[in-house]
Amino acid sequence: MKQAYPFTKMHGLGNCYIYLDGITNDLEIPSYAELSRQVSDPYKGIGSDGLILILPSDQADVRMRIFNKDGSEAKNCGNGLRCVAKYVYEHQLVDSRSFTIETLSGNKNAEVRLNDGLVDRVTVDMGEPILERGRIPVAGGNPDQTVIREPLEIDGVTYTFTAVSMGNPHALFFVDDVATAPIHKLGSLLADTYPLFPNGVNVGFIHPLSDHEADYRVWERGSGITQACGTGACASVVAAILESRIKKDCPVTVHLAGGDLSIEWQVTTNHVLMTGGAETICEGIVYAEGAGGK
Ligand SMILES: N[C@H](CCC[C@H](N)C(=O)O)C(=O)O
C-alpha cells in the first residue's frame, strides 16, 4: 500500500538528494534502499543522486543517513551534511547556528551562515582523514600503511592513485586537465565491484592549479558521475598534500563541476574543514510503500 511522504529536494553544488524529515514526520518505509532507487529515477521517480534521511539522534543534535542512487548506504556525504544543516536550522529543529550531525562515520560539527534569515553557507568539520590502507579500505599490502601514488595497471596503461577515506573511500588520480580525465573508463571499472576496493570507491580526478586552487571531478560509488562530492573534495586536498603537490593548513578552493568548495586540512587539529553552499530546490509529496523502514 503506497503512502504519501513529504519530501524536500536540495542540492550542494548540483549534487542533489531527496530529503525526508524523520524528525517532524513518522517514516515507516520497508526499504530505504528501494525508496532511494525509486526517487532517484528521473523518469519513474523525482530524479536525484540518492536519498537522505534527517532523523532524531541520541548522541548528536540530529542524525543523517545517506543512500546512493543504487540504494547502497554510505557513511558520509559532505554536500548532504551542508543541506541537512540548512534544513534543520531553517525548520527550527536546532536552536543554534552551530550544532552536531550524527553520521555512520561519527558526529560532525556544522555551523551555518545566514543571509536575510536563510542559510547561504555552511562550514562542516569533516573530522580527520583516514589514511591506513586497511581502514580505507584498499585490499592487499600492509593494512597499517598509507596508499600514496600506488601504481594500478589497466589495459596496459599504468595509472597511479592515492587513497583517502573521509568515512567513505576515495581513490584520487592526478591529471593535467580534468576535462580529459578517464572518468568513464576508471569510474565505471573501479567504483562498485573492483576487487582492489572491497567496499567500492569514489573515483576522483584532481588537477592542482596552485597551493590554493584545484580542479576536481568525480565518479561516485553508487551514483556515477555527479556534479560535486563534498567528501571527495576533502579527500582530493588531503591527497594533494600527501603527494606534496600543495601545502597543508591553507584553505584550498576546489572547483567542481557544480561550483566551488573551500577545503582546509588543519595542521593543529588534523581535521578537514569544508565550507560551501546549500540550496533548496523544491518541496512535495512522494508516494512510496509504507510500514516499517530499516
Ligand atoms: N557516493 C558516496 C556518498 C555520497 C558522497 C558525496 N555525494 C558527498 O557529497 O560527499 C559513497 O558511496 O561514499
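In listed order, ligands and their atoms are each counted from 1. Residue numbers start at 1 and run along the sequence shown.
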Checklist entry - Nearest to atom 3 (C) of ligand 1 by heavy atom, Asn68, Ile52, Asp49, Val201: which? => result Asn68

Next on the checklist: Give the atom numbers and elements of ligand 1 that come within less than 4.0 Å of a heavy atom of Glu220.
Outcome noted: 1 (N), 2 (C), 3 (C), 4 (C), 5 (C), 6 (C), 7 (N)

Item to check | Gly78 N/O to ligand 1 N/O under 3.5 Å | outcome: yes

Checklist entry - Has Asp176 got more than 12 heavy atoms of other residues, nucleotides or ligands less than 6.0 Å from its CG? => result no

Checklist entry - If you group Ile, Leu, Val, Met, Phe, Trp and Tyr by side-chain heavy-atom gaps below 4.5 Å, do Ile136 and Val237 land in one group? => result no

Next on the checklist: Strictly below 4.0 Å, N to O, side chains only: are Arg63 and Asp58 in salt-bridge contact?
Outcome noted: no

Item to check | side chain to side chain donor-acceptor pair (under 3.5 Å) between Asp61 and Thr100, worked out | outcome: CA-CA 5 Å; Asp61 292 302; Thr100 53; 3.1 Å; yes

Next on the checklist: I'd like to check which ligand 1 atoms, numbered from 1 as shown, lie under 4.0 Å from a non-hydrogen atom of Ile66.
Outcome noted: 3 (C), 4 (C)

Next on the checklist: Using the rule side-chain hydrogen bond (donor to acceptor under 3.5 Å, both in side chains), only one of Asn199, Thr231, Thr103 pairs with Asn168; which is it?
Outcome noted: Thr231

Next on the checklist: With heavy-atom distances below 4.0 Å as the criterion, list the atoms of ligand 1 near Tyr17.
Outcome noted: 4 (C), 6 (C), 7 (N)

Next on the checklist: Within the supplied structure, the quantity of interest is the number of heavy atoms (other residues, nucleotides, ligands) at a distance under 6.0 Å from Asn142 CG; does it exceed 12?
Outcome noted: yes

Item to check | Atoms in ligand 1 flagged as close to Ala74, the criterion being non-hydrogen separation under 4.0 Å | outcome: 3 (C), 11 (C), 12 (O), 13 (O)

Item to check | Check: Asn76 N/O within less than 3.5 Å of ligand 1 N/O | outcome: no

Next on the checklist: If the cut-off is 4.0 Å to any non-hydrogen atom of Gly230, which atoms of ligand 1 fall inside it?
Outcome noted: 8 (C), 9 (O), 10 (O)

Checklist entry - Salt bridge between Asp120 and Arg113, side-chain N to carboxylate O under 4.0 Å? => result yes

Checklist entry - Tyr32 and Glu34: side-chain donor and acceptor closer than 3.5 Å? => result no

Item to check | Chi angles and distances behind the salt bridge (Lys or Arg N to Asp or Glu O under 4.0 Å) call for Glu150, Arg133 | outcome: CA-CA 11 Å; Glu150 176 151 324; Arg133 188 183 192 99; 2.7 Å; yes

Item to check | Ligand-side contact atoms (ligand 1) for residue partner Asn15, heavy atom cut-off under 4.0 Å | outcome: 6 (C), 7 (N), 9 (O)

Checklist entry - Do any nitrogen or oxygen atoms of Ala228 lie less than 3.5 angstrom from nitrogen or oxygen atoms of ligand 1? => result no

Next on the checklist: If we only consider heavy atoms of Ser223, is any one of them less than 4.0 Å away from an atom in ligand 1?
Outcome noted: no

Next on the checklist: Suppose we call two aromatic rings close when their centres sit under 6.0 Å apart. Are Phe161 and Phe197 close by that rule?
Outcome noted: yes

Checklist outcome for this item: Among His170, Met166, Arg221, Arg82, the residue with a heavy atom nearest to atom 13 (O) of ligand 1 is Arg221

Item to check | Any Cys229 heavy atom less than 4.0 Å from ligand 1 | outcome: yes

Checklist entry - Do ligand 1 and Asn79 have nitrogen or oxygen atoms that lie under 3.5 Å from each other? => result yes

Checklist entry - atom 2 (C) of ligand 1: which protein heavy atom is closest, and how many Å away? => result Asn202 OD1, 3.3 Å

Item to check | Closest protein heavy atom to atom 10 (O) of ligand 1, given as residue, atom name and distance to 0.1 Å | outcome: Thr231 OG1, 2.7 Å

